[in-house]
**Q** 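Before I ask anything, let me first share the structure, which is written out below as structure tokens.
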Amino acid sequence: MELTDQEITTSREETKKILPQYPGRRGDLIPILQKVQEKLGYVPAPAMEEVAAYLGITPMDVYSVVTFYNQFRLSPPGKRQINVCMGTACHMRGGNIILDSWKRRLKIDVGQVTPDREFSLERVACVGCCTMAPVTVIDGEVHPKVTPTRVDGLLFSFGMKIEKEGGKH
Ligand code: FES
């Protein structure tokens, strides 16, 4: 995903503010990346370059760590964060069907953002509402007993045009 000039500048500036909080040892890499993600919501390439220069390692070293741990995001989060619960209870009640519905409707995979940056999709562990399984949490709001039709309804309520399966507009 292409970053805007503003995003590149912001990510460099914010990362430079974070770096002096650490002595610059190699072991600081993950804590620094966590801090960058906490601040920016993701770890973009310009931030990785700044971190690499600070720690005296290559950007590729940083990239390898960022991609190894799935706690890190490489692209900016969408405006709406859709978290599909895949804990045991939700999984037993068709959580994977719900996850597939979100993927199909948004045309993205888990961990991705729609091209218009409206939605991000993640799978999460039990969110503590098992009696309401299967659950989807959108921007912190729990949606209980979700069905594929409900997925369409939620997207419709967010102003997204829903195309019928295989239909053309
Ligand atoms: S398993 Fe989904 S809320 Fe507990």
**Q** Find out whether Q112 and K103 are in side-chain contact, i.e. whether some heavy atom of one side chain is under 4.5 Å from a heavy atom of the other.
**A**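 The answer is no; the side chains never approach within 4.5 Å.
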**Q** Is there side-chain contact between F72 and Q34, with heavy atoms separated by less than 4.5 Å?
**A**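 Answer yes - side chains close enough.
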**Q** In terms of hydrophobic clusters joined by side-chain contacts under 4.5 Å, are L3 and L74 together?
**A** yes
**Q** What distance separates I57 CD1 from M48 CE, expressed to the nearest 0.5 Å?
**A**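 Atom-to-atom, I57:CD1 and M48:CE are 11.5 Å apart.
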**Q** Closest approach of K16 and P20, non-hydrogen atoms and distance?
**A**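 In terms of heavy atoms, the two residues are closest at O-CD, 3.0 Å.
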**Q** Would you call V62 and L29 a side-chain contact if the rule is heavy atoms closer than 4.5 Å?
**A**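 They are in side-chain contact.
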**Q** Can you tell me how far apart CG (L106) and CD1 (I82) are? Round to the nearest 0.5 Å.
**A** 5.0 Å
**Q** Just by distance, with hydrogens left out, do T58 and D61 show a side-chain donor and acceptor under 3.5 Å apart?
**A** yes
**Q** Per the side-chain contact (heavy atoms from CB on, under 4.5 Å) rule, which among L55, I32, V36, D28 passes with L19?
**A**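 Going through L55, I32, V36, D28 one by one, the side-chain contact (heavy atoms from CB on, under 4.5 Å) with L19 is satisfied by I32 alone.
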**Q** Rounded at 0.5 Å granularity, tell me how far CZ in R123 sits from NE2 in H91.
**A**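 The distance works out to 8.5 Å.
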**Q** Is E7 salt-bridged to R117, going by a charged N under 4.0 Å from an acidic O?
**A** yes
**Q** Looking just at side-chain N and O atoms, do T10 and Q6 make a donor-acceptor pair shorter than 3.5 Å?
**A**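 Q6 and T10 do have a side-chain donor-acceptor pair below 3.5 Å.
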**Q** If you define the side chain from C-beta out and look only at heavy atoms, does anything of V84 sit under 4.5 Å from E122?
**A** no
**Q** Any heavy-atom pair between the side chains of I138 and N83 that's under 4.5 Å?
**A**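 The answer is no, as the side chains (C-beta and beyond) never meet within the 4.5 Å cut-off.
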